[in-house]
Protein chains: 2
Amino acid sequence: MKLPGKTVERLSEYRRTLLECLNEKRNFIFSHDLAARLHITAVQVRRDLMLIGYSSVLRKGYDVRELIDTIGKIIDSDSSMNVAVIGIGNLGRAVAGYFKGKRSKLNLVASFDNDPQKINKVISGVKCYPYNDIERMIKELDIRIAILTVPPDFARELTEEVVRYGIKGIMNFTTTPLNVPSGVYLEEYDMITSIEKVAYFVKENKI
Amino acid sequence: MKLPGKTVERLSEYRRTLLECLNEKRNFIFSHDLAARLHITAVQVRRDLMLIGYSSVLRKGYDVRELIDTIGKIIDSDSSMNVAVIGIGNLGRAVAGYFKGKRSKLNLVASFDNDPQKINKVISGVKCYPYNDIERMIKELDIRIAILTVPPDFARELTEEVVRYGIKGIMNFTTTPLNVPSGVYLEEYDMITSIEKVAYFVKENKI
DNA sequence: GGCCCAATGTTAATAAAATAACAATGCTCA
DNA sequence: TGAGCATTGTTATTTTATTAACATTGGGCC
Ligand SMILES: NC(=O)c1ccc[n+]([C@@H]2O[C@H](COP(=O)([O-])OP(=O)(O)OC[C@H]3O[C@@H](n4cnc5c(N)ncnc54)[C@H](O)[C@@H]3O)[C@@H](O)[C@H]2O)c1
Ligand SMILES: NC(=O)c1ccc[n+]([C@@H]2O[C@H](COP(=O)([O-])OP(=O)(O)OC[C@H]3O[C@@H](n4cnc5c(N)ncnc54)[C@H](O)[C@@H]3O)[C@@H](O)[C@H]2O)c1
């Protein structure tokens, strides 16, 4: 099934919201309710769910637990997938601490750094390995996804290496735009872009 | 001028890339070169620049310095705009350290927290004020934008408050989707969504 | 039991974004 | 100096994403 990237993003958001519903002991939710929580329209929700072939049986809204499972079947892999953070500095630690244990099928299994102070310690709940061992560890731990939080100047070179060693997906939080061969999926995010966007729309509103 | 959000994002990215060019002592750049660095097409670049009414005089590509200024005139406000981080924990510290001083027209002037350990200390280059003083400080320091990095459970309530106190733009890094009145611009980002997206496309590629 | 109605799934229409096409410009170099 | 050519700015087309429209479903309620 070939799902649009935007739909995949929203599926992740639906699940996050649905998990909150479970916390609140809510077992059913209407499309318009789910939509409202995410600032989108009910049609958008229904359309996305149509794309993944989900339909509710009851007319009391979607079965929260069932929908969580269905989304999982689509966006999660069957077996779990292992993830590592490269560069366990400020951002790396924040991401590791936040991400660790949040998704059952995505295991944060290691971090890598070249700072001797950090190596072989457990930081934000993950063991930090020396970057020099990364080739071996990627294979040993079957790491498929790398979250890149090293200083910008090293990003390109490290990426080339880890791709050679078998990494198939990269989440790049570095300022440096990367190039990856086809077959490797790359997602990039720069906070400053988002913040500048906010500033722009604030300015446009007021001047 | 009403610019599409996507264009605004890209303008920010263009500027970031152009600033790197300056570092490399590159004074001119072709549209296709700029495009390649950001994994987009040259047409996209030219189209965006058309929208902001920029044209190069020379045919040696765009004048890097000039384009940086032009983009600034569009996306920056005339005078600078003040920003604060609310919740100076792991992520707050990372963002503060990263963002501080990066853009001339966006000043990170304060952080707020309710942890006595943090209050009145300088953390990641910014002074941390008690959250209780936020109403006064927003006015005193003329803070317009808040970067929200508090625990998810407090996000909604704090947002309501700071909006009441005059905040006009919110960058929400919390897992909690927020609601803001019209006139306030909200941007939300959840890392897990991005990482799950990577995982999805990695899975789709290989299975 | 059957009418009503809220909510869904789906197709059709609209809007937004990206890409392609191409004429115009003016630099380069024979 | 002028033909060739790389690069630009802009309009047209295509693709993608969102929204609207609507028939259908089946539970609630009298
Ligand atoms: N802090 C943020 O909020 C933020 C936001 C967006 C982007 N970024 C980007 O993320 C990156 C990291 O930011 P940070 O604030 O965490 O910086 P940081 O300096 O705190 O962390 C960088 C880490 O990478 C390690 N490192 C350096 N070279 C390495 C190498 N060759 N191999 C392995 N590890 C290496 C360092 O030892 C350090 O632990 C930077 O590129 C920054 O631009 C940060
Ligand atoms: N760490 C990440 O990479 C990451 C990524 C995405 C989202 N988030 C979200 O960002 C938020 C912060 O994450 P974190 O890892 O920095 O957590 P954290 O616990 O390290 O930081 C939270 C900070 O907020 C402060 N705080 C708590 N209640 C407050 C209140 N009422 N008023 C003012 N300050 C208050 C705490 O004292 C603490 O300093 C969470 O909502 C988390 O879900 C974090």
Side-chain angles (χ1 to χ4, degrees), chain A residues 1-14 17-18 21 26-64 66-67 70-71 74-75 177 186-188 193 197 200-201 204, chain B residues 1-14 17-18 21 26-64 66-67 70-71 74 177 187-188 193 197 200-201 204:
Chain A
M1 193 193 318
K2 212 181 153 294
L3 246 32
K6 292 277 174 119
T7 297
V8 175
E9 283 176 25
R10 281 191 299 262
L11 288 173
S12 164
E13 287 162 6
Y14 297 156
T17 308
L18 292 165
C21 288
R26 243 175 160 291
N27 292 313
F28 292 93
I29 190 168
F30 296 129
S31 60
H32 61 260
D33 197 351
L34 183 51
R37 293 188 184 218
L38 291 164
H39 315 128
I40 60 176
T41 66
V43 187
Q44 185 83 81
V45 171
R46 298 205 299 270
R47 210 172 189 299
D48 286 332
L49 297 188
M50 191 191 82
L51 289 179
I52 65 170
Y54 178 77
S55 27
S56 63
V57 184
L58 295 158
R59 303 288 137 166
K60 288 216 135 182
Y62 301 106
D63 182 315
V64 173
E66 198 176 287
L67 186 46
T70 307
I71 292 176
I74 302 289
I75 67 174
L186 171 68
E187 181 82 16
E188 312 199 294
T193 294
K197 195 175 165 193
Y200 172 78
F201 285 109
E204 288 301 293
Chain B
M1 195 193 315
K2 211 180 155 293
L3 247 32
K6 291 279 175 120
T7 296
V8 176
E9 282 177 25
R10 281 191 298 262
L11 287 174
S12 163
E13 287 162 5
Y14 297 156
T17 309
L18 292 165
C21 289
R26 242 174 158 292
N27 291 314
F28 292 92
I29 189 169
F30 295 128
S31 60
H32 62 258
D33 197 352
L34 183 51
R37 293 188 184 219
L38 291 164
H39 314 129
I40 59 177
T41 65
V43 187
Q44 185 83 81
V45 172
R46 298 205 297 270
R47 211 172 189 299
D48 286 332
L49 297 188
M50 189 190 84
L51 289 179
I52 64 170
Y54 178 77
S55 26
S56 63
V57 184
L58 297 158
R59 303 286 138 168
K60 288 217 134 183
Y62 300 107
D63 181 315
V64 173
E66 197 176 288
L67 185 47
T70 306
I71 293 176
I74 302 291
E187 181 80 17
E188 310 199 295
T193 295
K197 194 176 165 194
Y200 172 78
F201 284 108
E204 288 301 293

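Numbered from 1 within each chain, the chains take letters A, B, ... in sequence-line order. The model shown is predicted, which means the values in this text are computed figures rather than measured ones.
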- Message: Can you list, in residue-number order, the parts of residues 27-36 of chain A that come under 4.0 Å of DNA chain C, counting heavy atoms only?
- Response: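 Hits under 4.0 Å, by residue number: A/Phe30, A/Ser31, A/His32.
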
- Taking only N and O in the side chain of A/Ser56, is any of them less than 4.0 Å away from OP1 or OP2 of D/dT25?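 A/Ser56 to D/dT25 OP1/OP2: no side-chain N or O under 4.0 Å.
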
- Between A/Tyr54 and C/dT10, is there a side-chain N or O to OP1/OP2 distance below 4.0 Å?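 Answer no for this pair, as no side-chain N or O of A/Tyr54 is under 4.0 Å from OP1 or OP2.
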
- What is the distance from atom CD1 of B/Ile74 to atom CG of B/Leu3, rounded to the nearest 0.5 Å?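 Reported to 0.5 Å precision, the distance equals 6.5 Å.
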
Less than 4.5 Å apart, any side-chain heavy atom of [X] and any of [Y]?
X: B/Ile29; Y: B/Arg37; value: yes
X: B/Glu9; Y: A/Tyr200; value: no
X: A/Asp33; Y: A/Phe28; value: no
X: A/Leu49; Y: A/Arg46; value: no
X: A/Leu67; Y: A/Tyr14; value: no

- Identify the heavy atoms of A/Ser31 and A/Val45 that sit nearest to each other, and give their distance.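 Residues A/Ser31 and A/Val45, closest heavy atoms: O-CG2, 4.0 Å.
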
- Item | Value in whole Å for how far the P atom of D/dT8 lies from CG of B/Asp63 |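 Rounding to the nearest Å, CG of B/Asp63 and P of D/dT8 are 13 Å apart.
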
- Message: Could you tell me how far apart A/Leu49 (CG) and C/dA7 (P) are, to the nearest whole angstrom?
- Response: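 It works out to 16 Å between those atoms.
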
- Task: Using the test salt bridge (charged side-chain N to carboxylate O under 4.0 Å, His left out), find all partners of A/Glu188 that sit at least two apart in sequence or belong to another chain.
- Result: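 A/Glu188 satisfies salt bridge (charged side-chain N to carboxylate O under 4.0 Å, His left out) with no residue once adjacent residues are dropped.
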
- Task: Identify which nucleotide among C/dT8, D/dG9, C/dT11 has an atom closest to any side-chain atom of B/Met50, counting heavy atoms from C-beta outward.
- Result: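 The closest nucleotide is D/dG9.
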
- Message: Counting primed atoms plus P, OP1 and OP2 as sugar-phosphate and everything else as base, spell out the protein contacts along nucleotides 16-30 of chain C at 4.0 Å heavy-atom distance: B, S or - for each nucleotide, 5' to 3'.
- Response: -SSBB-----S-S--

